Trainee: 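I have a structure I would like to understand better, so I am pasting it below and will then ask my questions one at a time.
Just so it is clear: chains get the letters A, B, ... in the order the sequence lines come, proteins before strands, and each one is counted from 1. Only a predicted model underlies this, so the values are computations on that prediction, with no experimental measurement involved.
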Protein chains: 2
Amino acid sequence: MPIKGKPNSLDIAHLAGVSQATVSRALRGHPAVNRATRERVLAVARQLNYTVDKNASNLRTQQSGTLALLLFEDPTVDDSNINPFFHSMLGSITRVCAQRGYDLLISFQQLSRDWHADYEDCHKADGLILLGYGDYREYRSRLEALVAQGTHFVRWGAVLEDQPGISIGGDNHAGGAAAARHLLALGRRRIGFLGHASQGAPEFLERYQGYAAALREAGLVADPLLQADAISTEQAGREAAELVLERGARVDALVCASDLIAIGALRALQARGLRVPDDVALTGYDDIPMAQFTTPALTSVQQDTKRAGELLVDTLLKMVQGEAMAPIKLAPQLVVRQSCGVSQAPARSPATVTTLPAHGRRPSRGARH
Amino acid sequence: MPIKGKPNSLDIAHLAGVSQATVSRALRGHPAVNRATRERVLAVARQLNYTVDKNASNLRTQQSGTLALLLFEDPTVDDSNINPFFHSMLGSITRVCAQRGYDLLISFQQLSRDWHADYEDCHKADGLILLGYGDYREYRSRLEALVAQGTHFVRWGAVLEDQPGISIGGDNHAGGAAAARHLLALGRRRIGFLGHASQGAPEFLERYQGYAAALREAGLVADPLLQADAISTEQAGREAAELVLERGARVDALVCASDLIAIGALRALQARGLRVPDDVALTGYDDIPMAQFTTPALTSVQQDTKRAGELLVDTLLKMVQGEAMAPIKLAPQLVVRQSCGVSQAPARSPATVTTLPAHGRRPSRGARH
DNA sequence: CTGAAAGCGCTTACAG
DNA sequence: CTGAAAGCGCTTACAG
């Protein structure tokens, strides 16, 4: 065997005594190839450690067998600390891609970069998965550009009306409502909300609206004095909690738009000598791994990241194949721990999990509408 | 503009009134191109939203501008739970790749899969970054195969003598010793070790050896009754702690080979009614985010994942360019929290950090040997 | 400074 | 069932 670089299909052809076209067919399992021929070719290929050059085959077929995951982060967030919620999404997406035989390209983009043309246009990926918490108003126009170019993409985030492209997200309204109802059922009445309740953060806004709706159901009104904006970081949570406390209004519970916010709030409360849950009860959102280690352990709204990853990948793959797909909302689950005080449910396991019906959308497998 | 698919360089050439070769040169910033010509080409390209087809250019140049990150996990680990330590490595590697202008392909491989030919051979990546905790004996032969094929790769893990390829890793001996010395300084004498102390897990073995060396320095001997094997999961940690306790030998401290093991041990101890740190002190390893949220917060040995990511990527990139590189050991830091009891150091901040000198290797920037 | 031409390694109609 | 040939979209000597 010559000690040249990687062998190509012509090398295999010579050694197997067939044409290069036949090598290609044999390797791809083309049905017309004679069985004996195919086996000869495969044997030679294996012996030479031959693999098909992806650049060449992709160029020829005009597809890449690769998906790109683009993660946008709030620029204010510390570079090295990706939101833990995304880790679990990433793990799930990676595995599903592998199962489907696709490679995954990943990139942590800044909103400022000119990403829209990056991957699919240059044929490095067949489609894009967008993940992130940037200001929705800022990047909505980017989504429109992607749609206009015919780029295939799915996005994790709030599922809104009249949205460019396909979004898959949790039912944030149901999740926010569940957290608030849980607190109401435990007798809390002065319930605040920590997190951006604005158009720029539609997921948080929906959680806020769910929270407010639950209060209304109970004949209460969401008190603006008990709400403070926060992005999804511990520090922002701490500052938001301090802001609410400084306003002096009575508060006996805080629904937080994320676990990181809740952890920050927990620290702020404890620093003030307030007891959680005795003085102020707390709920988080996402159920990141840390939630079970805080003291008290955090009651949180869990999103099914495993299923989310599957839906994102499979939806995108179908879109790449030309199918028209629809947005999907996933039902969240309330995970009850100790940060809200005694639950009425008998605490048999360390955490009690309640599945919530999705709000307005069917959460079932492959749900479309 | 015709509504055909993506424009190619010939389309640009026609519209700019130049040859296709000139378009290619202009786009790549070739110095010989006339300034006015280049600007005309760039203007047309921008207008048509043209991007170079990577498959074509990679095929032509025989390189990909892409690195592949292969993560191996212990097959016994739950699929959805990647070791949190790897998350932070992953974040760091991703960012460095982006900074260096490289794309990153990621894959969570099972050891069983035939990965060695996967990425570089088929020209999807110029080099491989290997990350993982599989059994070292099992995959050492794979590393040898990679070396034999001339594949460019770097690996995160124990830096051993006579190792195939280039490894970059923490100074585990120094880390294990630091944890044990800290406990010794606090008056503990019956110090155990939780984690695989075998050739199959060289990082854990080195930590164990550091621990044993520190005991020897203090005139003590590592008691086999106080050691139990564990892979890096909470459950394994719990079981290992239970095993040690069941043996009935007196124990007043446990050095754990990872934070997950320590968290499991913490739960096992507390379930038995033992107080941490009063009855048994505990140290972890890796300083994952959860370590600061346990009660008591976990004293741990921190690895500089940011720097590790930089070194992995930059070393690999140099290897791709033909440079010969050497292994690197990174100095770890002891992060003191509450799980070992009162520290002699005045606890000014919530955590006291001590940088340790690397053991036997220079930890300095770009260190080689 | 620019163009014509070769060629990277495949896949896939088109013949036979 | 198999081969000869075209062509995917680039980059880069080679001329001029």
Side-chain angles (χ1 to χ4, degrees), chain A residues 2 4-42 44-45 48-66 117 119-126, chain B residues 2 4-42 44-45 48-66 117 119-126:
Chain A
K4 36 177 287 191
K6 316 282 183 200
N8 60 25
S9 56
L10 206 55
D11 297 329
I12 309 298
H14 287 323
L15 283 155
V18 295
S19 74
Q20 184 263 332
T22 296
V23 170
S24 176
R25 289 196 196 94
L27 256 22
R28 316 196 67 250
H30 187 110
V33 177
N34 178 292
R35 195 193 152 113
T37 310
R38 175 170 54 243
E39 285 176 357
R40 194 148 29 95
V41 169
L42 291 182
V44 175
L48 290 204
N49 234 313
Y50 169 76
T51 47
V52 172
D53 185 311
K54 285 290 184 184
N55 289 135
S57 65
N58 292 345
L59 173 60
R60 186 50 235 248
T61 61
Q62 298 290 55
Q63 46 169 276
S64 66
T66 302
Y119 288 101
E120 188 175 337
D121 279 9
C122 66
H123 290 282
K124 289 207 78 158
D126 298 332
Chain B
K4 36 178 287 191
K6 317 280 183 199
N8 61 23
S9 57
L10 205 56
D11 297 330
I12 309 297
H14 287 323
L15 283 155
V18 294
S19 74
Q20 184 263 330
T22 297
V23 170
S24 177
R25 290 196 194 94
L27 256 21
R28 317 195 68 250
H30 188 109
V33 177
N34 178 292
R35 193 194 154 111
T37 310
R38 177 171 52 245
E39 284 177 357
R40 193 148 29 94
V41 169
L42 291 181
V44 175
L48 289 203
N49 232 314
Y50 169 77
T51 46
V52 172
D53 185 311
K54 285 291 184 185
N55 289 135
S57 65
N58 292 346
L59 175 59
R60 188 49 236 248
T61 61
Q62 297 291 54
Q63 46 168 273
S64 66
T66 301
Y119 288 103
E120 189 175 336
D121 279 8
C122 66
H123 291 282
K124 290 207 78 158
D126 298 332

Trainee: Has A/S24 got a side-chain N or O lying under 4.0 Å from the OP1 or OP2 atom of C/dT11?
Mentor: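 Checking A/S24 against C/dT11: at least one side-chain N or O falls below 4.0 Å of OP1 or OP2.
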
Trainee: When you get a sec, tell me which of D/dA4, C/dG3, D/dG9 is the closest nucleotide to the side chain of B/V18?
Mentor: C/dG3

Trainee: What verdict does the side-chain contact (heavy atoms from CB on, under 4.5 Å) test give for B/R38 and B/N34, after you've listed the backbone C-alpha separation in whole Å, the side-chain angles of each residue and the deciding distance to 0.1 Å?
Mentor: CA-CA 6 Å; B/R38 177 171 52 245; B/N34 178 292; over 6 Å; no

Trainee: Given D/dT2, C/dT12, D/dG9, which nucleotide is nearest the side-chain atoms of A/N34?
Mentor: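 Nearest to the side chain of A/N34 among the choices is D/dT2.
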
Trainee: Counting only side-chain N and O atoms of A/T22, is one of them less than 4.0 Å from OP1 or OP2 of D/dT2?
Mentor: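 It does not, given that no N or O in the side chain of A/T22 lies less than 4.0 Å from OP1 or OP2 of D/dT2.
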
Trainee: With distance as the sole test, does B/D126 use its side chain to make a donor-acceptor pair with the main-chain N or O of B/S64 at under 3.5 Å?
Mentor: yes

Trainee: To the nearest 0.5 angstrom, please state how far the CG atom of B/N55 sits from the CZ atom of A/R60.
Mentor: 13.0 Å

Trainee: Could you run through DNA chain D and flag its stems, i.e. three or more consecutive Watson-Crick or G-U pairs with both distances under 3.5 Å?
Mentor: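 Detected stem regions: C:1-3 with D:14-16, C:5-12 with D:5-12, C:14-16 with D:1-3.
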
Trainee: For the atom pair NZ (B/K6) and CG (B/D53), what is the distance rounded to the nearest 0.5 Å?
Mentor: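 So the gap between those two atoms works out to 10.5 Å.
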
Trainee: Given D/dA4, C/dC1, D/dT12, which nucleotide is nearest the side-chain atoms of B/R60?
Mentor: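 Side chain of B/R60 sits closest to D/dT12.
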
Trainee: If the cut-off is 4.0 Å, is B/S9 near the phosphate of D/dC10, judged by side-chain N/O to OP1 or OP2?
Mentor: yes

Trainee: Could you tell me the separation between the CG atom of A/N58 and the C1' atom of D/dG9, rounded to a whole number of Å?
Mentor: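 A/N58 atom CG is separated from D/dG9 atom C1' by 13 Å.
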
Trainee: Please tabulate the protein-to-nucleotide N/O contacts below 3.5 Å involving nucleotides 14-16 of chain D, giving atom names and distances.
Mentor:
none

Trainee: Between B/P31 and B/L59, who's closer to the 5' end of DNA chain C by nearest nucleotide?
Mentor: B/P31

Trainee: Determine: side-chain N/O of B/R28 to OP1/OP2 of D/dT12, distance under 4.0 Å, yes or no.
Mentor: yes

Trainee: C/dG9, D/dT2, C/dC10: which one has an atom nearest the side-chain heavy atoms of A/A32?
Mentor: D/dT2

Trainee: Quick one: pull up CD in B/Q62 and CG in B/N58 and give me the separation to the nearest 0.5 Å.
Mentor: 9.0 Å

Trainee: Are the side chain of B/T22 and the backbone N or O of B/Q20 linked by a donor-acceptor pair below 3.5 Å?
Mentor: no

Trainee: Does A/T61 place a side-chain N or O at less than 4.0 Å from the phosphate oxygens OP1/OP2 of C/dT12?
Mentor: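 Answer is no, no contact under 4.0 Å.
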
Trainee: Once rounded to the nearest 0.5 Å, what's the spacing between atom CG of B/L15 and atom CZ of B/R40?
Mentor: 11.5 Å

Trainee: If you look at every heavy atom in A/T37 and A/V33, which pair is closest and at what distance?
Mentor: CB-CG1, 4.2 Å

Trainee: Need one value for B/S57: base, sugar-phosphate or nothing, where a base atom within 4.0 Å counts as base even if backbone is also close, heavy atoms only.
Mentor: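 Answer is sugar-phosphate: B/S57 comes under 4.0 Å of backbone atoms only.
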
Trainee: Figure out the CD/C1' separation between A/Q20 and C/dC8, and round it to whole Å.
Mentor: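 That distance rounds to 12 Å.
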
Trainee: State which of D/dG9, C/dG3, C/dG9 makes the closest approach to the side chain of A/Q62.
Mentor: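 My answer, after comparing the listed nucleotides, is D/dG9.
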
Trainee: Taking atom OG of A/S24 and atom CD1 of A/I12, what is their separation to the nearest 0.5 Å?
Mentor: 12.0 Å

